[in-house]
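I have placed the structure first, in the form of structure tokens, so that the comments after it can refer back to it.
Order of listing sets the numbers, starting from 1, for every ligand and every atom in it. Throughout, residue positions are numbered sequentially from 1 according to the sequence presented.
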Amino acid sequence: MDKVYILAIESSCDDTSAAVLVDNCLLSNVTASQAVHEAYGGVVPELASRAHQQNIIPVVDAALKKAGIDKSNLSAVAFTRGPGLLGSLLVGTSFAKGLALSLNIPMIEVNHLQAHVLAHFITQANQEEHSPSFPFLCLLVSGGNSQIIQVNAYNDMRIIGQTIDDAAGEAFDKCAKVMGLPYPGGPHIDRLAKQGNPERFVFAKPNIAGYDYSFSGLKTSFLYFLRDHLKDNPDFVQENLPDLCASLQKTVIDILMKKLIKAAKELRISQVAVAGGVSANSGLRQAMLSAGEKYNWEVFIPPLGYTTDNAAMVGITGYFKYQDKDFCPIDAAPFARVEI
Ligand code: KG4
């Protein structure tokens, strides 16, 4: 069979990324991040769209060059159709349309959340393949999502549990903000937690039925706890920062792992993966490995480069869909909100 060359575009939030794959093998993955948002303590949608517009051509150009192929070799263009910021998605979608029309090749729409899960199937030259087999469970944790997904096939994913309020990443970021840490706070908490005592402080854990999550109670409990201590000691945060971070991180991880362990046990699934921005957390990665040993799971943890938004994961999803000739019409418009 002829080789399939896919150019993939990801522009759902504040990373402009392009990747080239030959079949399921990654040739290049180039990402331009947007420092412009740092000063605002969060992503500013209008600024994100403008930065994507500036970045998209150089990023695609670099991805093609790094892959060592010409655009005339491409079999299809895969792009993130949603969910995400509409203005950001429009840049990637419009670019994909222009390129697909000019090269007369098909377009493949990709669900951003599915792509995070399927990142576990990306292979690289001279690297051993280590991908889950179906069915597996995937804990998808990011700034906008906290879900347990039962993955029956690349195109058959069922959300069996999800947050009823804040996402895990949001809890990290909001608690980091009240401690005066920069945005996004998750990586700072991770770094500081390494020097702290995770048993020092105890925060509220939710009591929710089934496999669903809730993080808003933890956020409130953390906020009130700090407020009470700051009344007596205005330097409380500075004096206890590593212990606060370690205790908070442990609470988030305990909440996440409890439901994942329950789901794996009850559904009798022993292939368990983690994905999304929060899967970069070193404590969570360690907790997955420990649970793997304890419960006899085969554990799948993504390389750090695939935890944040990237086009490689869009490309692998595009490759699976290409095999089924699952193409989308040229008038496809992006979706800000869409389920997996
Ligand atoms: O998937 P992602 O890049 O995009 C969004 O959903 O926006 O996830 C970003 C989230 C942020 O909340 C960030 O704080 C969190 O992932 N994050 C982390 C770490 N690295 C990124 N949270 C905890 N520990 C980390 N090392």
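At the top of the distance list for atom 15 (C) of ligand 1, counting protein heavy atoms only, stands Val278 CG2, 3.9 Å. Protein heavy atom nearest atom 26 (N) of ligand 1, with residue, atom name and distance: Asp190 OD2, 2.9 Å. For atom 1 (O) of ligand 1, the nearest non-hydrogen atom of the protein is Gly277 N, 3.0 Å. In this structure, the protein non-hydrogen atom closest to atom 24 (N) of ligand 1 is Asn281 ND2, 3.0 Å.
With ring centers used as reference points, Phe136 lies 6.0 Å or more from Phe300. A ring-centre distance under 6.0 Å is found for Phe320 and Phe121.
Taking each of Gly144, Gly143, Ser12 in turn, the one with a heavy atom nearest to atom 9 (C) of ligand 1 proves to be Gly143. Here atom 19 (C) of ligand 1 lies nearest to Pro187 when heavy atoms of Ala171, Ala193, Pro187, Gly42 are compared. Of all the listed residues (Asp173, Val141, Asp15), Asp173 holds the heavy atom that lies closest to atom 13 (C) of ligand 1.
Atoms CG and CG, from Leu64 and Leu74 in turn, are 6.0 Å apart once rounded to the nearest 0.5 Å.
The atoms of ligand 1 that sit less than 4.0 Å from any heavy atom of Gly186 are 14 (O), 18 (C), 19 (C), 22 (N), 23 (C), 24 (N), 25 (C). Each of the following atoms of ligand 1 lies closer than 4.0 Å to a heavy atom of Gly169: 12 (O). For ligand 1 and Phe172, the ligand atoms under 4.0 Å from any heavy atom of the residue are 22 (N), 23 (C).
Atom NZ of Lys194 sits in a crowded spot, with more than 12 heavy atoms from other residues, nucleotides or ligands closer than 6.0 Å. Summarising the local packing, NZ of Lys97 is surrounded by more than 12 heavy atoms from other residues, nucleotides or ligands at distances under 6.0 Å. Around atom CG of Asp156, more than 12 heavy atoms belonging to other residues, nucleotides or ligands sit under 6.0 Å away.
A donor-acceptor contact closer than 3.5 angstrom is absent between the side chains of Asp166 and Ser216.
Between Pro184 and ligand 1, not a single N/O pair is under 3.5 Å apart. On a distance-only criterion, Ser282 and ligand 1 share no N/O pair closer than 3.5 Å. Taking distance alone, with nitrogen or oxygen atoms compared against 3.5 Å, Ser142 approaches ligand 1 more closely than that limit.
The residues Asp173 and Lys177 are annotated as not salt-bridged, no charged nitrogen and carboxylate oxygen being separated by less than 4.0 angstrom.
For Gln127, the side-chain contact (heavy atoms from CB on, under 4.5 Å) test picks out Gln124, with sequence neighbours left out.
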